[in-house]
*Asks:* 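Below is one structure. I have some questions about it.
Side-chain atoms are counted along with the backbone in the values below, which use heavy atoms only and exclude waters and symmetry mates. Bear in mind that the values here come from a model prediction, so they are computed numbers and not experimental data.
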Amino acid sequence: MSKEILLVADSIANEKGVEKEIIFRAIEKALEAVTAKRYPEPVDIRVAIDRNSGDYETFRRWTVIENEAEIEEPGKQIVLSQALENDSELEVGDVVEEKVESEKFGRIAAQQAKQVIVREIRHAERAETAKSYHDKIGSLLSGVVKKVTRDYILLDMGGNVEAILTKDSMIPHDEIRNGDRARGILYALNDDDKGPLLSLSRTHKAMLVELFKIEVPEIGEEVIEIKAAARDPGSRAKIAVKTNDGRIDPIGACIGIRGSRVQTVSNELGGERIDIVLWDDNPAQLVVNAMAPAEISSIVVDEAKKSMDIGVREDQLALAIGRSGQNVRLASELSGWKLNVLTEADIAKKSVDEGKKGVDLFIEFLDVDEDLAKVLVQEGFKTLEDVAYVPEKEMLAIEGFDKELVAEIRGRAHNALLKQALTSKIEVGAAEPAADLLEMEGMSRHLAYVLAGRGIVTREDLADQAVDDLSDIEELDKKQAAKLIMTARKIWFDN
């Protein structure tokens, strides 16, 4: 039978054009399945074929588990104490093997091997095809529609490759029929052996970008760059563009003569209205551009919350917000900032209210007079954390502030925050920070109590954190959080 196995491997490998290793593994699986049928319960069988001679051996296998563990699969598991009777070096998780009589490579095994081989060949071919498409994820692909249902559209991509467009990945009111050629962005590969290999989307914002790359040669030549995009599929979209050549108007180039370029893209996307705005590295100016056609009167930036209050005239409010909030929503997605649209009157009132709130806060907790509290508010200080942790040089830049005054105000702010942390700790029963956390380089007493209130009590606890775990702590930015975590982790390398 050993020669027969070698003959089968040679003939199928030549006929199907696949590696012999795939054939050998398929025959091993077939023999394992036939051997397993000898036993009344499920068992773990391993067959090893010699690739040169065709001879093979069969082994029954058990996985070693804890003595106290419940045996869920008696035919495949063995407790540690029993396994140690045969091998004193075994540990939990090891595999025990026992050589058993091998099944002959007969008609049944050959038939099963053939089925496995066909399946393995299909799997290998699909994996090879998937590999060729892996680098195309995010690219625009097109195929011929071969099937249309209520829930999805099936595309023939050529080379026996199929792609699927699900209902939620299609533009509303897309009119696609059998035989049409449809385009979409490749966003995923189906790892299963069943179903279409490729998953396409016509709603992904990358499709908007790729279509402009096709219609605007300057983008492909990297003279113009699309910096950001946002879409409400089938309705409206915004893209922000930038030129690397001052002689070229990036907006005009994307629009084209009489709007030909942008119109072609719009037609492909079901008549989607596309706003093309100029990119600006200044977030506030970018938002002004992105909110077009609405005219912005004022912007108040809150960098800590990454939000902006946008002031507009009363007659511009509806235009700025857009139908169902569409304009401000797309501008927010394009810029990456949370945008709040308010009338000029609302902005003024909010500013007064926040200013009064800040003045009251500083008078109460910093024990300063109203004039000094107003100066702090006018200079942009809104919270006790702002006063306590802003760089000293920024406060010294305020007219009339000297080192002595700055040190006193910052000290009062630190004490107020510490008192709040202690009060909060008592209320919620938070743990006391350990000495090694309090004494760690770069750690303030207030911050140590804030961390302890989150269950980060020791230096080891802090070392186990990631930067994102501390991202919502107002006292820390990402850079400071990373520095503290790395300082805490020094104990790992010192021990």
*Asks:* Any side-chain to backbone donor/acceptor pair from Asp180 onto Ala182? Under 3.5 Å, distance only.
*Replies:* no
*Asks:* Counting N and O atoms only, with roles assigned by atom type, does the side chain of Gln77 sit under 3.5 Å from a partner on the main chain of Glu72, one being a donor and the other an acceptor?
*Replies:* yes
*Asks:* With no hydrogens and no angle check, is any side-chain donor or acceptor of Asp232 less than 3.5 Å from a backbone partner on Ser235?
*Replies:* no
*Asks:* Show the nearest heavy-atom pair for residues Thr487 and Met440, with the distance to one decimal.
*Replies:* CG2-CG, 4.0 Å
*Asks:* Quick one: pull up CG in Leu269 and CD1 in Ile171 and give me the separation to the nearest 0.5 Å.
*Replies:* 4.5 Å
*Asks:* With heavy-atom distances below 4.5 Å as the criterion, would you say the side chains of Asp174 and Ile153 are in contact?
*Replies:* no
*Asks:* In terms of side-chain geometry, is the basic nitrogen of Glu21 or Arg51 positioned less than 4.0 Å from the acidic oxygen of its partner?
*Replies:* yes
*Asks:* Is it the case that Asp151 and Thr149 place a side-chain donor and acceptor less than 3.5 Å from each other?
*Replies:* no
*Asks:* Would you find more than 12 non-hydrogen atoms of other residues, nucleotides or ligands less than 6.0 Å from Lys483 atom NZ?
*Replies:* no
*Asks:* Would you find a donor on one side and an acceptor on the other, under 3.5 Å apart, between the side chain of Asn289 and the backbone of Val277?
*Replies:* no
*Asks:* What I want to check is whether the side chains of Thr58 and Ser102 have a donor and an acceptor closer together than 3.5 Å.
*Replies:* yes
*Asks:* Please examine the side chains of Leu140 and Leu211, heavy atoms only from C-beta on, and report whether any two atoms are closer than 4.5 Å.
*Replies:* yes
*Asks:* Is a salt bridge present between Glu73 and Arg61, judged by a nitrogen-to-oxygen distance below 4.0 Å?
*Replies:* no
*Asks:* Mind checking whether Glu28 and Tyr56 have side chains closer than 4.5 Å, heavy atoms only?
*Replies:* no
*Asks:* Using a distance-only test with no angle check, is there a side-chain donor-acceptor pair under 3.5 angstrom linking Thr458 and Asp461?
*Replies:* yes
*Asks:* Do Gln465 and Leu451 have side-chain heavy atoms sitting under 4.5 Å apart?
*Replies:* no
*Asks:* Give a yes or no on whether a salt bridge exists between Lys146 and Glu162, defined as a side-chain N under 4.0 angstrom from a carboxylate O.
*Replies:* yes
*Asks:* Please name the pair of heavy atoms, one in Val43 and one in Arg60, separated by the smallest distance, quoted to 0.1 Å.
*Replies:* CG1-NH2, 3.4 Å
*Asks:* Which heavy-atom pair separates Leu339 from Val328 by the least distance, and what is that distance?
*Replies:* CB-CG2, 3.8 Å
*Asks:* Backbone N or O of Leu31 within a donor-acceptor pair of the Thr35 side chain at under 3.5 Å?
*Replies:* yes
*Asks:* So does Pro196 get a backbone contact from the side chain of Asn190, meaning a donor-acceptor N/O pair under 3.5 Å?
*Replies:* yes
*Asks:* Can a donor-acceptor pair be found, under 3.5 Å and without considering hydrogens, that links the side chain of Ser201 to the backbone of Thr203?
*Replies:* yes
*Asks:* Taking Glu210 first and then Lys213, would you say they form a salt bridge - that is, a charged N and a carboxylate O separated by under 4.0 Å?
*Replies:* yes
*Asks:* When you measure from the side chain of Arg202 to the backbone N and O of Pro233, does any donor-acceptor pair fall under 3.5 Å?
*Replies:* no
*Asks:* In plain terms, say whether Arg459 and Glu439 are close enough for a salt bridge, that is, a side-chain N and a carboxylate O under 4.0 Å apart.
*Replies:* no
*Asks:* Salt-bridge test for Glu333 and Arg329: reply yes if a basic N is under 4.0 Å from a carboxylate O, no otherwise.
*Replies:* no
